Amino acid sequence: MKRSTPLVRNIGQKVKYYRTKNGLAQKDLAAKLQTCGCDITETMLVHIETGYRYFRI
């Protein structure tokens, strides 16, 4: 199986798609992630969605 690169996966676009599909603002998603133990701020989320910052899983 061929590995995909982070640019091909478009994780930020997928995050934005599912966030808007569920009716969440970036601020709300960041707050939910922080309650789950993820240290992601609203600014970091903006950078992930726009592709300015890469997110590794």
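Just the heavy atoms: all of them, side chains too, but no hydrogens, waters or symmetry mates, feed the values below. Predicted model only: the values in this text are computed from it and were never measured.
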Quiz item: Is it true that Y18 and M44 fall in one hydrophobic cluster, defined by side-chain heavy atoms closer than 4.5 Å?
Solution: no
Practice problem: Kindly work out whether a path of hydrophobic side-chain contacts (I/L/V/M/F/W/Y, heavy atoms less than 4.5 Å apart) joins I11 to Y17. | Solution: no
Self-check item: Side chain proximity check, K16 to Q13, heavy atoms < 4.5 angstrom
Solution: no
Self-check item: Atom pair CG (L33) and CD (E42), whose distance is rounded to the nearest 0.5 Å
Solution: 12.0 Å
Shortest non-hydrogen contact from [X] toward [Y]:
{"X": "L29", "Y": "R19", "result": "CD2-CD, 3.8 Å"}
{"X": "V15", "Y": "E49", "result": "CG1-OE2, 3.9 Å"}
{"X": "A30", "Y": "T41", "result": "CB-C, 3.9 Å"}

Quiz item: Counting heavy atoms not belonging to D39, are there more than 12 under 6.0 Å from its CG?
Solution: no
